[in-house]
Amino acid sequence: MKVSDLREILQYVPLFRERIFVVAIDGEVAASENFPNLLLDLAVLRSLSIKVVLVHGASHQIQNLAKQRGLAITNSDGIGITDEPTLQVSIDAAIRLTNEIMEGLSSVDLRAAYINAIIAHPTGILAGVDQQFTGRVERVDVKALKLLLDEGIIPVVPPLGFDGEGRTYRVNSDSTALEVAVELNAAKILYLAPGHAFETPATLPRQLAISEAEELVKKRKSDFTPGIISKLENSAGACRQGVARAHVLDGGINEALLSEIFSHEGIGTMVYSNEYQQIRRIFKKDVRAVISLIRQSVQNEELVRRSRTEILESLSDYWLLEIDRTPVACVALHIYPEHGSAELACLHVGKSHENQGYGRKLMAFVENLAREKSVKTLFALSTQAFNYLQQKGGFSAAEPSELPPARLKKYEASGRNSVVLVKTLRA
Ligand SMILES: CC(C)(COP(=O)(O)OP(=O)(O)OC[C@H]1O[C@@H](n2cnc3c(N)ncnc32)[C@H](O)[C@@H]1OP(=O)(O)O)[C@@H](O)C(=O)NCCC(=O)NCCS
């Protein structure tokens, strides 16, 4: 691990301390070789004072147990009909798995408790068919869950719900995780699905706004496996009801949880409700961030090298685009009042955030800023992004002689031979 990785990780720690994460694990992931690694990830989360609730599925175990018993079950994922024999197998398989998970957690020194926190009612009759012992979550015992969380204990929630009269229902774990996260006002849900669930011709986007996730579930159901669609649907639902982020991850990847939570790139798909995004002026303390953000572009000769002193001299010209308080892009606007023009400069979007419209957002931002300052002509110099500035920013190629005299002098001295581009700003 590089020191810079540690820096990246540490910036998230204050954001998440004492917040609740609901980790929803498919039964198949809990049975996989990678499960002990995921338990270690949970131990890291706990060591950072993140409160964890573990909701698990049991479909894989239910199918296996039914096979062992030679029983034909009506359904294994808690969405279809659950008849009496299927319910019995489901209870046995789910509780066995809960116990195994608790053993795993204790092997990494984590305290955990099984809890029947799901109050359910029967799903009832759908399209004329009685769903029998399939249940819907009616309420979550928030008080009991919070008691455990406050004591540093991980509540383990199986996919079973209970009514007030001693009856048990099979509930779906994806939707249970949603209800638990909403009721607990969790910061995140992390859905862990087995690797084969991601084996589809279409790839999942890395980030989806709620409406995009809903659209995908509605219009592209056949492009993805039912397991992934269920997780995306519940992710969107959870975000609609106030959970800030929901993630769908391949539970077969080593350190899946940590990689997703503590890096900008992530490894899975994130559905987000309120991406905290802002464009703000930079301060002295941000100069280092700007220099490190543009380092790669400077090395590629896309941007001119700027020293700390140069940036400090025109500090108020620079702007940062932040997501979740992390700088991901920057731009500068240098004004030449005597010439009625301004330069859009130092436009850079970090690799992990390219092609998501941030460059265009910053161009539009700078253009508005220039207009407010009565600038008539915006210009830009580029060695490699001149097509971008023309096609996406509406700039046109121009002659260096159109630059303000002071800028022309610097242009000639630099020897970079950048393409000169201009855009006339109408009031
Ligand atoms: C150029 C840059 C700012 C684009 O930012 P971005 O946020 O990735 O771009 P957007 O999301 O707004 O736009 C993406 C579109 O621009 C296109 N594009 C990106 N870089 C391009 C380039 N150098 N030339 C032509 N088109 C480019 C993409 O193919 C994509 O096209 P599509 O929408 O038709 O699919 C970014 O790649 C960067 O920082 N480059 C290095 C620094 C640089 O050259 N800055 C400009 C000098 S002032």
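Counting starts at 1 for both ligands and their atoms, in listed order. Start at 1 with the first residue, then count along the sequence.
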Is [X] close to ligand 1, meaning an N/O of one under 3.5 Å from an N/O of the other?
X: N387; value: no
X: L389; value: no
X: H353; value: no
X: V349; value: yes

Inset, instruction - Specify the closest pair of heavy atoms between A244 and C239, including all atoms of both residues, with the distance to one decimal. - result: O-SG, 4.0 Å
Closest approach of any protein heavy atom to [atom], naming residue and atom:
atom: atom 44 (O) of ligand 1; answer: A385 CB, 3.5 Å
atom: atom 11 (O) of ligand 1; answer: G357 N, 2.6 Å
atom: atom 15 (C) of ligand 1; answer: K392 CE, 3.6 Å
atom: atom 29 (O) of ligand 1; answer: N355 OD1, 4.1 Å
atom: atom 10 (P) of ligand 1; answer: Y388 OH, 3.5 Å
atom: atom 33 (O) of ligand 1; answer: R360 NH2, 3.3 Å
atom: atom 45 (N) of ligand 1; answer: L347 O, 2.7 Å

Between [X] and [Y], does any side-chain N to carboxylate O distance fall below 4.0 Å?
X: D286; Y: R281; value: no
X: E215; Y: K219; value: yes
X: K218; Y: E214; value: no

What atoms of ligand 1 come closer than 4.0 angstrom to any heavy atom of [X]?
X: Q356; value: 11 (O)
X: S297; value: 41 (C), 42 (C)
X: H348; value: 39 (O)
X: L303; value: 45 (N), 47 (C)
X: G359; value: 5 (O), 6 (P), 7 (O), 12 (O)
X: Q384; value: 23 (N)
X: E354; value: 8 (O), 37 (O)

Table please: side-chain donor-acceptor pairs of residues 246-256 below 3.5 Å, with sequence neighbours left out.
unit_1: H247; atom_1: ND1; unit_2: E260; atom_2: OE2; d: 2.7
unit_1: H247; atom_1: NE2; unit_2: K188; atom_2: NZ; d: 2.9
unit_1: D250; atom_1: OD1; unit_2: G195; atom_2: N; d: 3.4
unit_1: D250; atom_1: OD1; unit_2: G252; atom_2: N; d: 2.7
unit_1: N254; atom_1: OD1; unit_2: N37; atom_2: ND2; d: 3.4

Inset, instruction - Classify the angle between the aromatic ring planes of Y336 and F379 as parallel (below 30°), tilted (30 to 60°) or perpendicular (above 60°). - result: tilted
Inset, instruction - Would you indicate whether Q299, at its atom CD, is surrounded by more than 12 heavy atoms from other residues, nucleotides or ligands within a distance under 6.0 Å? - result: yes
Inset, instruction - May I ask whether A345 has any heavy atom positioned less than 4.0 angstrom from an atom of ligand 1? - result: no
Legend entry - Close approach, A380 and ligand 1, non-hydrogen under 4.0 angstrom: no
Legend entry - Whether R46 side chain and I50 backbone form a donor-acceptor pair below 3.5 Å: yes
Legend entry - Under 3.5 Å: donor-acceptor pair, side chain of N75, backbone of D77: yes
Got a list of side-chain donor-acceptor pairs under 3.5 Å for residues 101-112, not counting sequence neighbours?
unit_1: E103; atom_1: OE2; unit_2: N99; atom_2: ND2; d: 3.4
unit_1: S106; atom_1: OG; unit_2: E103; atom_2: O; d: 3.1
unit_1: S107; atom_1: OG; unit_2: G104; atom_2: O; d: 2.6
unit_1: R111; atom_1: NH2; unit_2: E151; atom_2: O; d: 2.5

Legend entry - Any side-chain heavy-atom pair of L344 and V331 under 4.5 Å: yes
Inset, instruction - Determine, counting only non-hydrogen atoms of the protein, whether one lies under 4.0 angstrom from atom 13 (O) of ligand 1. - result: yes
Legend entry - Options E343, Q390, E302, ranked by nearest heavy atom to atom 40 (N) of ligand 1, top entry: E302
Inset, instruction - Could you tell me whether the side chains of D174 and S230 share a donor-acceptor contact shorter than 3.5 Å? - result: yes
Inset, instruction - With R407 as reference, evaluate E402, H339, E343 under the side-chain hydrogen bond (donor to acceptor under 3.5 Å, both in side chains) test and give the passing residue. - result: E343
